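Notes follow once the structure below has been shown.
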Protein chains: 2
Amino acid sequence: MIKDITKAKKSIYEGAPLLVAVDCIVFGFDKERLKLLLFKRKVAPFMDEWSLIGSFVKVDENVSEAAHRILHESTGISGIFLSELGSFSNPSRDPGGRVLSIAHYALMRLEEQDLQAVANFQAQWFDVEAIPDLVLDHNEMVAQSLARLKVNAHSHPIGFELLSEKFTIPQLQLLYEAIFQQKLDRRNFRKKIKAMGFLEKLDEKDKSSSKKGAYLYRFNKEEYEKLMKEGLNFVI
Amino acid sequence: MIKDITKAKKSIYEGAPLLVAVDCIVFGFDKERLKLLLFKRKVAPFMDEWSLIGSFVKVDENVSEAAHRILHESTGISGIFLSELGSFSNPSRDPGGRVLSIAHYALMRLEEQDLQAVANFQAQWFDVEAIPDLVLDHNEMVAQSLARLKVNAHSHPIGFELLSEKFTIPQLQLLYEAIFQQKLDRRNFRKKIKAMGFLEKLDEKDKSSSKKGAYLYRFNKEEYEKLMKEGLNFVI
DNA sequence: CCAAAAGTGTTATCGCTACACCCATGA
DNA sequence: TCATGGGTGTAGCGATAACACTTTTGG
């Protein structure tokens with residue numbers, strides 16, 4: 001029995017009639033724009049073309065574990081929010097063999113160090129408005145992820161996964177504007193978010209984008225979960 | 001190379017390190033209650049226990065095609081609405097081997113004949129309030145499908161997939177009450193549905209549940225799609 | 001004639017949207 | 001002092017929720 005199908009020698013596809021892979025669509029937010037993590041494919045076919053992060057599922061892990069492992073091995077990233085998008089299973093999607101991929105999308109806050117760190121793995125952050133041609137059906141995966149992100153952002157506080165621990169309300173608004181690709185009214189946005197009751201105002205200000213400075217806030221996850229149980233409807 | 005992994009002789013699991021299956025969570029509505037289609041498993045392990053409809057994906061089909069094929073082969077049902085729920089991939093989920101399953105949920109209208117027809121395949125419709133213990137992780141699949149159904153029913157007209165072509169407004173309301181598991185106000189429900197503008201009132205009445213009789217309606221799919229493009233928000 | 005389900009309108013409340021002005025500060 | 005982004009309140013409107021009575025007809 002083949003223990004680790006990703007370690008077959010001659011071809012990455014050898015040894016099984018139908019292989020299962022995971023691809024990760026990783027979004028990051030750099031305080032201004034929504035970014036997508038891509039890297040240069042290291043195996044044939046399509047070597048050196050831009051690709052999502054992906055590899056094969058091992059026999060002793062579930063697909064979520066595989067996604068986290070693959071992401072970590074390929075980029076050094078770990079411990080982020082990952083959610084299953086769905087399967088991509090067209091028999092001819094990969095000319096190299098019969099590979100079914102279960103796409104996962106991920107969200108993370110982009111700190112300065114992240115921009116550097118992934119470069120060591122030949123990975124790169126692209127603005128979602130300017131994504132290059134990708135291998136296989138990866139552009140389709142990205143498109144579906146963006147659509148899903150938009151839908152989910154309306155009813156889940158996923159936005160907070162994309163910001164650093166402390167953030168300002170204008171930053172939060174910029175993020176939601178990037179996700180929804182539309183301008184929002186400052187006063188109404190602020191009102192709505194504050195009314196939800198799970199933002200903690202801090203005494204610090206962030207002056208990186210204005211002279212006056214904007215107050216920093218923190219997302220109180222415990223409070224959020226408590227409120228959700230009581231029937232808060234989170235709608236932006 | 002194994003052409004059809006479901007036809008291996010000694011064991012259904014023979015021949016591949018990680019097999020990919022599809023399971024179908026099929027919901028039907030019989031004018032009163034929400035039902036789930038189950039059948040008696042025909043292969044070891046767990047032969048003769050209640051199970052969802054499922055089998056393996058073939059190398060020359062995508063998972064959606066597989067779901068439709070398997071459903072047809074196991075129950076005679078074809079041409080219904082199917083949507084991917086997600087993967088179930090715990091390495092120990094199936095004691096017989098390493099099988100990853102991609103669950104799909106399906107919706108269909110239950111006519112009298114359907115209740116009979118599936119019996120020929122040793123399948124049976126169960127009330128969703130009274131589902132027996134199922135093999136493997138199938139109870140979990142059902143629970144997740146019900147949750148998904150609830151969410152989706154709010155923003156997609158999936159309810160109409162579960163009714164016969166002609167239906168009355170009280171029937172439609174019963175269906176939504178079954179999905180959401182809560183009572184709805186008759187007047188408001190009627191108002192909301194009618195305001196959407198894609199219901200066609202017919203001149204017939206259905207007297208099966210009252211002496212007065214209720215007018216039959218038809219769902220106008222073309223009109224619905226036109227309205228959606230114009231930005232109708234379907235919210236129940 | 002009565003039981004049982006179908007059908008219908010109005011009012012009060014809430015939430016959303018639109019919108020304009022002052023504040024703080026670094027350059 | 002002024003340009004730049006941060007912060008705040010209110011009024012009007014539309015949607016939702018609550019609510020009770022009349023109609024039909026088979027038994």
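Owing to the predicted nature of the structure, the values given are computational and were not obtained by experimental measurement. Chain letters run A, B, ... following the sequence lines, proteins first, then strands; residues in each count from 1. The basis for the numbers below is simple: all heavy atoms, side chains too, and nothing from hydrogens, waters or symmetry mates.
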- Exam field: side chain A/Glu84 to backbone A/Ile102, donor-acceptor pair closer than 3.5 Å: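 Not at all, since once roles are kept as given, no pair shorter than 3.5 Å links the two residues.
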- Item | Side chain A/Asp137, main chain A/Glu140, donor-acceptor under 3.5 Å |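 Absent.
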Of the options [options], whose atoms approach the side-chain atoms of [X] most closely?
X        : options               : value
B/Lys212 : D/dT4, C/dC19, D/dT23 : D/dT23
B/Pro170 : D/dA17, D/dC19, C/dA6 : C/dA6
A/Lys211 : D/dG7, C/dA27, D/dC19 : C/dA27

With sugar-phosphate meaning primed atoms plus P, OP1 and OP2, does [X] contact a base, only sugar-phosphate, or nothing at under 4.0 Å between heavy atoms?
X        : result
A/Lys205 : nothing
B/Thr168 : nothing
B/Lys191 : base

- So, are B/Arg69 and B/Glu65 salt-bridged, with charged N and O less than 4.0 Å apart?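 B/Glu65 and B/Arg69: not salt-bridged.
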- Item | A/Ser210 vs A/Lys192, nearer the 5' end of DNA chain C by closest nucleotide |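 It is A/Lys192 whose nearest nucleotide is closer to the 5' end.
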Mind calculating the distance between [atom1] ([X]) and [atom2] ([N]) to the nearest angstrom?
X        : N      : atom1 : atom2 : value
B/Asn188 : C/dA12 : CG    : P     : 16 Å
A/Arg186 : D/dT4  : CZ    : C1'   : 11 Å
A/Lys183 : C/dC19 : NZ    : C1'   : 16 Å
A/Phe189 : D/dG9  : CZ    : P     : 18 Å
B/Lys207 : C/dA3  : NZ    : P     : 20 Å
A/Leu174 : D/dG5  : CG    : P     : 11 Å
A/Arg190 : D/dG9  : CZ    : P     : 11 Å
B/Asp185 : C/dT10 : CG    : C1'   : 13 Å

- Task: Starting at CH2 of B/Trp125, measure out to CG of B/Leu36 and round the result to the nearest 0.5 Å.
- Result: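 If I round to the nearest 0.5 Å, the distance is 7.5 Å.
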- Message: Does B/Arg187 contact D/dA20 through a side-chain donor or acceptor facing the base, at a distance under 3.5 Å?
- Response: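 Indeed, a donor on one side and an acceptor on the other fall under 3.5 Å apart.
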- Query: For the residue pair A/Phe198 and A/Phe160, is the inter-centroid distance of their aromatic rings smaller than 6.0 Å?
  - Reply: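 Here the rings of A/Phe160 and A/Phe198 have centres that are less than 6.0 Å from each other.
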